[in-house]
Amino acid sequence: GFLVENNLGTLPSGRTYQLWALMGNGPAPRPISAGVLGPDPGVTAFRVQGPVAGFAITDEQAPGVDAPSTAALVQGVVS
């Protein structure tokens, strides 16, 4: 897939946006990192495999994290 960002502000030094694939069909999908986007993302390609319930973007400490440490800034479901 491709993420086309157009409304995220530039983050300060030491911070990065991170894309999460929300995996599974249950009531609490498991977030799996789909990519570190940098502090000012543009068009970004990503690849995920499996039952994706949705996607989320968080603001994280650079260079990225293994699990989300902040609430999602943007989140959507796959229908």
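The nearest pair of heavy atoms linking G24 to P29 is O-CB, 4.4 Å. The two residues A21 and V48 have their closest heavy-atom pair at CB-CG1, 3.6 Å.
When atom types are taken as modelled, the side chain of T16 and the backbone of G38 share a donor-acceptor pair closer than 3.5 angstrom. The closest donor-acceptor contact from the side chain of Q18 to the backbone of V65 lies under 3.5 Å.
Distance check, rounded to the nearest 0.5 Å: OG1 of T44 to CG of L37 gives 5.0 Å. Atoms CG and OH, on L73 and Y17 in that order, are 6.5 Å from each other to the nearest 0.5 Å.
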T58 vs W20, side chain to side chain donor-acceptor pair (under 3.5 Å): CA-CA, chis, key distance, verdict: CA-CA 8 Å; T58 58; W20 302 93; 2.8 Å; yes
Step-by-step side chain to side chain contact (heavy atoms under 4.5 Å, CB included) determination, L8 to I57: CA-CA 10 Å; L8 296 172; I57 297 174; 4.2 Å; yes
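Looking only at side-chain heavy atoms (C-beta outward), F55 and L22 stay at 4.5 Å or farther from each other.
Residues passing the side chain to side chain donor-acceptor pair (under 3.5 Å) test with R15, sequence neighbours excluded: D59, Q61. For S69, the side chain to side chain donor-acceptor pair (under 3.5 Å) criterion is met by E60, not counting sequence neighbours.
L19 and V78 fall within the same hydrophobic cluster, defined by Ile, Leu, Val, Met, Phe, Trp and Tyr side-chain heavy atoms under 4.5 Å apart, directly or through other members.
Within the structure, no pair that satisfies the salt bridge (charged side-chain N to carboxylate O under 4.0 Å, His left out) test touches residues 17-32, not counting sequence neighbours.
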